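The structure appears right after this line, and notes come after that.
Sequence lines set the chain letters: A, B, ... in the order given, protein chains first and strands last, and positions in each chain run from 1. None of these values were measured; they are calculated from a predicted model.
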Protein chains: 4
Amino acid sequence: MTTSLKRKSTIRRKKKERITEQRKRQILDAALTVFSRKSFGAVTIPDISQEAGVAVGTIYNYFDNKHDLLLSLVRTYLITGPLVDLVARPPQWDDAEFMSSFLENRLTSGAENIGRFFFLFNEIQRNRELRDEYMADILTPLLKVLEKRVESGVASGAFHSSNPEVAARGLVGMILGFSLLRQIEGDRSPFQSTSNDEIVTEVTNLLLNGLLSRKDQSQ
Amino acid sequence: MTTSLKRKSTIRRKKKERITEQRKRQILDAALTVFSRKSFGAVTIPDISQEAGVAVGTIYNYFDNKHDLLLSLVRTYLITGPLVDLVARPPQWDDAEFMSSFLENRLTSGAENIGRFFFLFNEIQRNRELRDEYMADILTPLLKVLEKRVESGVASGAFHSSNPEVAARGLVGMILGFSLLRQIEGDRSPFQSTSNDEIVTEVTNLLLNGLLSRKDQSQ
Amino acid sequence: MTTSLKRKSTIRRKKKERITEQRKRQILDAALTVFSRKSFGAVTIPDISQEAGVAVGTIYNYFDNKHDLLLSLVRTYLITGPLVDLVARPPQWDDAEFMSSFLENRLTSGAENIGRFFFLFNEIQRNRELRDEYMADILTPLLKVLEKRVESGVASGAFHSSNPEVAARGLVGMILGFSLLRQIEGDRSPFQSTSNDEIVTEVTNLLLNGLLSRKDQSQ
Amino acid sequence: MTTSLKRKSTIRRKKKERITEQRKRQILDAALTVFSRKSFGAVTIPDISQEAGVAVGTIYNYFDNKHDLLLSLVRTYLITGPLVDLVARPPQWDDAEFMSSFLENRLTSGAENIGRFFFLFNEIQRNRELRDEYMADILTPLLKVLEKRVESGVASGAFHSSNPEVAARGLVGMILGFSLLRQIEGDRSPFQSTSNDEIVTEVTNLLLNGLLSRKDQSQ
DNA sequence: TATGAATGAGTCTTCATTCAT
DNA sequence: TATGAATGAAGACTCATTCAT
């Protein structure tokens, strides 16, 4: 009976933990939805609580304060996901294949979300804690992986001779900036009737082959 | 005498307008300085008034309210400047020269400031009025100019065959994204000891010639 | 069988009541401990529940609300105890002995606790119900006993001729005020290295013999 | 004219300072009034603002926060006034005269106010900053003055041999405690029909001559 | 009976805006 | 025109109390 009781209590604890995680997620999802509508500063806790369908006080049962909620938001949605996998387990393809695949992946799955997280770039710039964490966990590792690929590609002759640091930031930067422009243009983007595949192909092509045609290229 | 009086009053009015413009500018400059220190939501009117060296009430003599001040900020710093000139009076160079010169110009003079103005992009996205204005006055014309250049470059054989809409957005996007990354990396950027000239050269090179070396390029 | 059942149920009920009283006491003790750490306004029900080792909800099984808990606190710790005994069964000593023994008793056992209960005096002042109860049950009877002793002492020639009402309040007041000062001085009290016996002797001496030496005393 | 302008500005600044002081005082007076009705924790800023006849925000133009308001309250009403004068410039009377005059003074002018400030003793006990300041500025100097007087009185033979530290605290304590009892008894005090002079005389007599009549006194 | 997550009224505090000087 | 004290609506956050388990 003691065993049974113990088991029961363990089961209950686990169940409780699961519920807690679900609630956190429920609130974070609501927060993200609201943040994509209003700017961060304009979002109020009641906004979030209403969207999440819980009381204001409930939010404070799961997060210390608004700032903590923001941090959790970043940790949950940015500092996880496919990018982290890519960095942690870079595939064994050759450098050109890797680049082309990386660009396609980011332009396809990353671009759709950039609008929702755009407000975070602002916060990241102003909030030292957030910035340090984002850089340490995401940006720097990603850039390092790309730099290494560029270096090895240059060494093997597959790539132009390039400064790897600039190239890595150029690649990531274009993905970021291109997605940002799509976000700003919104409804008025000329890509409404362009297939996403074509866009990805074109951008990848631009980055891999450049703008100039072969004959004009000056090595 | 009436004429003389009128003339005098005209002179006075002009002088007054000039002073008013100076004051507005003084306040907007202060606002921009403050925005670069604190996150947008954290900036208060007293902050700005202190930075500008005027009283809180004075700001309300020149701007209707905080939102109006923000609008003026965008109009003054984003929807004016060298970009407008470039679009209004595109130089007569050939397409390749134009592109290379455009990239250098933007990466040199634009990049330093993009961090300071970045928070405005957020506002642009949330504020329909602002976004429409920004797109109509700046973004769309700029993209149009670039698209035309790409088209003519492709026609002349100077450029790879490309979708001009994608290419134009790719170019602007990379400038935007690359500058944004530099801003985020800040002190930890690996470019601390790299000359700005080299960076500009490398990015320009990446965009014009692509990442892949000649022998691998598939037209 | 009915009888047996009834008896059993009576026993059970008594046991239950005893357990209930224990729980109440456990919570009140915890409340007192917490109040001695934080200011009254800063104490929360979770604070008390944690100190008592019970859940928040459990407290509400024994007390209607926070105010009720406070009332019980006063009733349990102020409106009971040795003072009540003293008043209910005054010893048969002569008046001088009684006074000296009263002072020693109060200064010894009462003084240590006065700091812990002091915050209750505030509540007593604000809460008419509580004040009436405290006065009716404790303060007035105590003062009456002392007044009677002073009267009889004056009549017997043992005491100076005094207004008994003033004298009684002077005695109680000094015990109260002296203990309060010790509480406020806390660590910085000069009595750290003075034995409690000496302090009690000195205070008792001051009250019984006064400050002036015999030769200066004006009857 | 420059001189005239300067003078004008100086006058204005002084006027402004005076108005600021008046406002602070106005708010502090209101706070004191409200605190004497409700316990400290129960008082809200709107309570005070309403009593003071100003807006909530105005209070924050003069005090950093509620805690700062409390500190100012203590500084303004407790750490100033006749007690400070007494301590700073002790009169040249002989020791017995001094004591008797001190007691009369405190029992007369101090006692009426003790009720209004009673809540502060609670705060003083819980709030280290407040306690340190109150002790350093008021309590310790006062006790030191009294201790010295007792010492010199004992040396001159005017007073009984006493521990000066205990005696000083006994004197102050009785004033405190006696006033406190009057406050608690309120309407039901038996002193309603007793002249204040008589009360003061009796308490002073008790402290100076003690309770025991001459013949019983044991030196 | 015990529990503790959920609730939302109530608090402190901020700050855009006004207006008398 | 410039000033800055006064204003009070609005937001972050707390905590006494409830109630489903």
Would you mind reading off the distance between [X] atom [atom1] and [N] atom [atom2], rounded to a whole angstrom?
| X | N | atom1 | atom2 | value |
| --- | --- | --- | --- | --- |
| D:L70 | E:dC12 | CG | P | 13 Å |
| C:I48 | E:dG4 | CD1 | P | 17 Å |
| A:Q50 | E:dA6 | CD | C1' | 17 Å |
| A:R18 | E:dA5 | CZ | P | 16 Å |
| B:I59 | F:dA5 | CD1 | P | 15 Å |
| A:K24 | E:dA6 | NZ | P | 13 Å |
| D:R23 | F:dT7 | CZ | C1' | 11 Å |
| A:D68 | F:dA12 | CG | P | 15 Å |

Could you tell me which residues satisfy side chain to side chain donor-acceptor pair (under 3.5 Å) with B:N65, sequence neighbours excluded, listed by chain and number?
->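 Testing B:N65 for side chain to side chain donor-acceptor pair (under 3.5 Å), a comparison that skips the adjacent residues, returns none.
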Only counting residues at least two apart or in another chain, list the ones meeting side chain to side chain donor-acceptor pair (under 3.5 Å) with D:R25.
->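 Listed in chain order: nothing, the list is empty.
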Nucleotide-resolved protein contact map, nucleotides 15-21 of chain E, B/S/- at heavy-atom distance under 4.0 Å | SSBB---
Just do the side chain to side chain contact (heavy atoms under 4.5 Å, CB included) check on B:L28 and B:Y77 with the steps written out, would you?
-> CA-CA 9 Å; B:L28 289 174; B:Y77 292 101; 4.1 Å; yes
Got a sec, which residues hit side chain to side chain contact (heavy atoms under 4.5 Å, CB included) with B:R18, two or more places apart in sequence or on another chain?
->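 Applying side chain to side chain contact (heavy atoms under 4.5 Å, CB included) to B:R18 gives B:K15.
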Convert the base pairs of DNA chain E into dot-bracket notation, remembering that pairs crossing earlier ones are written with [ ] and that bases paired across to another strand are shown as |; include only Watson-Crick or G-U pairs under 3.5 Å.
-> .||||||||||||||||||||
Is any side-chain heavy atom of B:E129 less than 4.5 Å from a side-chain heavy atom of B:L71?
->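 The answer is yes; the side chains approach within 4.5 Å.
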Given side chains that start at C-beta, do those of A:D137 and A:R75 come closer than 4.5 Å, heavy atoms only?
->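 Not in contact.
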Touch check for B:Y62, heavy atoms < 4.0 angstrom, all strands: base, sugar-phosphate only, or nothing?
->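 Sugar-phosphate, backbone atoms only, no base.
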Show the numbers, then the answer: is there a side chain to side chain contact (heavy atoms under 4.5 Å, CB included) between A:L69 and A:Y62?
-> CA-CA 9 Å; A:L69 180 62; A:Y62 293 91; over 6 Å; no
In sequence, state the C-alpha distance, the side-chain angles, and the governing distance for D:L130 and D:Y134, and then conclude on side chain to side chain contact (heavy atoms under 4.5 Å, CB included).
-> CA-CA 6 Å; D:L130 210 55; D:Y134 179 69; 5.9 Å; no
Listed pairs under 3.5 Å, donor-acceptor, residues 40-57 of chain D side chains, sequence neighbours left out:
from, atom 1, to, atom 2, distance (Å)
D:T44, OG1, D:D47, N, 3.1
D:T44, OG1, D:D47, OD1, 3.3
D:T44, OG1, D:D47, OD2, 3.2
D:D47, OD2, D:K38, NZ, 2.9
D:D47, OD2, D:T44, N, 3.0
D:S49, OG, D:P46, O, 3.1
D:E51, OE1, D:R37, NH2, 3.0

